[in-house]
Protein chains: 2
Amino acid sequence: MTQKLDGRVRRRQIAQAALQVIAQRGLGGLSMAGLARQVGLVPSAIYRHYRGKEEVLSAAMESIVQKAQANLQAVCRQTSDPLERIERLLMRQVAMVREIPAMPRIIFAEGPSGQRKAQAYGMLRGFLGALADIIRQGQGQGVIRKDVEAFSLAVMAWGLLAPAVILWYASEGDFDVTAQVQRGWKVFAVAIKVNHNSHKSAGHRLQASGYRLQKNKAKAGGELTPESKT
Amino acid sequence: MTQKLDGRVRRRQIAQAALQVIAQRGLGGLSMAGLARQVGLVPSAIYRHYRGKEEVLSAAMESIVQKAQANLQAVCRQTSDPLERIERLLMRQVAMVREIPAMPRIIFAEGPSGQRKAQAYGMLRGFLGALADIIRQGQGQGVIRKDVEAFSLAVMAWGLLAPAVILWYASEGDFDVTAQVQRGWKVFAVAIKVNHNSHKSAGHRLQASGYRLQKNKAKAGGELTPESKT
DNA sequence: GCTCCATGTGAATCTATATTCACTATATTC
DNA sequence: GAATATAGTGAATATAGATTCACATGGAGC
């Protein structure tokens, strides 16, 4: 018989294992038997800690949110530079590579108007909202470009991460997530950074025509605010 | 008894129905019973045409691959400009996701499970490979920056799409995937484009120090070639 | 050491789903 | 019309997975 563990410790362990199984095999690949195996228990032991599979899932999703929030707080403590914050946040997400794909997997696994999907979506929006806030901070400081709406930039930043992680799983670990995200960040950071020298130079060089384009861009950004109705 | 249909017609019908069920209910929601119902048959009739569920899925995915290839060919016919090609390809992907909502569900929902997974991964690699080829073309023409490896840039380009699709799906169409991808493309295109004017200007302005930085960047990019072992 | 509680086990139960198999029926050809 | 091939049907079967339930056991407190 396995050594007994404090209920709280075990519950956390089970939730964590669920995340990893979902990340690896998808929601459909999560069985109570497989989960129990992952933890080192028999399937019925799980019902000692959770009323059923549904409850395991809820706990799993909850735990990923908590981690994401802890990461966000840690990053904001470590540095006040918005670009630095984004980079660190992304790299912390990379460290969670064994867990974070569970969210998209849950989203795509569910049928129409599934509750879990809505929940996962809300969580995702929370994360992107926090990213967007950092970006807005940078925009306020004149460090990050203002012509593109912050939420859009947040989605783009997330886009540095998501495909790399998916490829990592699809290739069974044969894709260097860290390197890809770092490269992507370098390209993206330059693209969103306000470089005062080159900015002036471009304006100066292109004169009236260039100036007009800049103005239109600023407007377009404003118009393209996503989901104002949300 | 249902009217009999020619085997080929029926097989196509079944594969299409599978995509529809997956779009609605996800992979986990695809049962032989439900599929048969969708087609207007009894479940065992499906085995007249496919050896099992696995084979139905393969056929369904095959039709996605064909569509993707048709898109690629169309885009390459329409324009020879690499940046234009990428943009068009991305936008066709957006359209395709709308047309075949099952596609992202197949790619994102499931982890390893043998042949199907290998097929999905192959699809993805095919798409990224084609993107990378276009990027290499652009690099050869001196239109796209060379300091970052083409496959990495391809993954980044995909990164404009993937999160937008996830959000689109999670929001049940409430997130404007088209607008997001367009915005992302604008930011990314500037970042990867070789702009000869500003390149000269920057070099001119920053003199020795700026010049050195450019050189170092080129080297780092070369070193970070992904998966040379692939 | 004993008691009690919480956690782990193993067997049983139930259900949904994939599939097989024997039979049926349609459509084509001669 | 008969024969044949192919596609459709309905019942049966096997299995995977979720869960319950009675028993077992570890660990804490007295």
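Below, read A as the first sequence line, B as the second, and so on, with proteins coming before strands; counting in each chain starts at 1.
Between the side chains of R116(A) and Q119(A), not a single donor N or O lies within less than 3.5 Å of an accepting N or O.
Look at dG27(D): its Watson-Crick or wobble partner, with both distances under 3.5 angstrom, is dC4(C). Under the Watson-Crick and G-U wobble criteria, each requiring two contacts below 3.5 Å, nucleotide dT29(C) is paired to dA2(D).
Taking atom CZ on R25(B) and atom P on dA16(C), their separation rounds to 14 Å, with Å as the unit. Counting to the nearest Å, the P atom of dT6(D) and the CZ atom of R11(B) are 11 Å from each other. Summarising the geometry, the separation between CD on E55(B) and P on dT19(C) is reported as 10 Å, rounded to the nearest angstrom. Nucleotide dA7(D) holds its C1' atom 10 Å from the CD1 atom of I14(B), rounded to whole Å. To the nearest angstrom, C1' of dT6(D) lies 12 Å from CG of L5(B). Residue L41(B) contributes atom CG, which lies 14 Å from atom C1' of dT6(D) at whole-angstrom precision. The distance from atom CZ of R37(B) to atom C1' of dT9(D) is 16 Å, rounded to the nearest whole Å. Distance, Y50(B) OH to dG8(D) C1': 16 Å, rounded to whole Å.
Heavy atoms from other residues, nucleotides or ligands lying under 6.0 Å from NZ of K193(B) number 12 at most. The number of heavy atoms from other shown groups lying within 6.0 Å of CZ (R11(B)) is above 12. Within 6.0 Å of CZ in R136(A) there are more than 12 heavy atoms belonging to other residues, nucleotides or ligands.
Residue R10(A) places at least one side-chain N or O closer than 4.0 Å to OP1 or OP2 of dG8(C). Regarding contacts with the backbone of dG8(C), a side-chain N or O of H49(A) is found under 4.0 angstrom from either OP1 or OP2.
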With B for base contact, S for sugar-phosphate-only contact and - for none (protein heavy atoms under 4.0 Å), nucleotides 11-20 of chain D reads ------SSBB
If a protein heavy atom is under 4.0 Å from the base, mark B; if only from the sugar-phosphate, S; if neither, -; do that for nucleotides 24-30 of chain C going 5' to 3'. BBBS---
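Rounding to the nearest 0.5 Å gives a distance of 12.0 Å between CG of N71(B) and CZ of R88(B). The structure places CD1 of I144(A) at 4.5 Å from CD1 of I86(A), a figure rounded to the nearest 0.5 Å.
A donor-acceptor pair under 3.5 Å is absent between the side-chain atoms of Q180(A) and the main chain of P163(A), judged by distance alone.
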Walk me through whether R98(A) and W168(A) qualify under side chain to side chain contact (heavy atoms under 4.5 Å, CB included). CA-CA 10 Å; R98(A) 288 186 183 278; W168(A) 185 76; 3.9 Å; yes
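Ion pairing of E149(A) with R183(B) is absent here, as no side-chain N (NZ or NE/NH1/NH2) approaches a carboxylate O to less than 4.0 Å.
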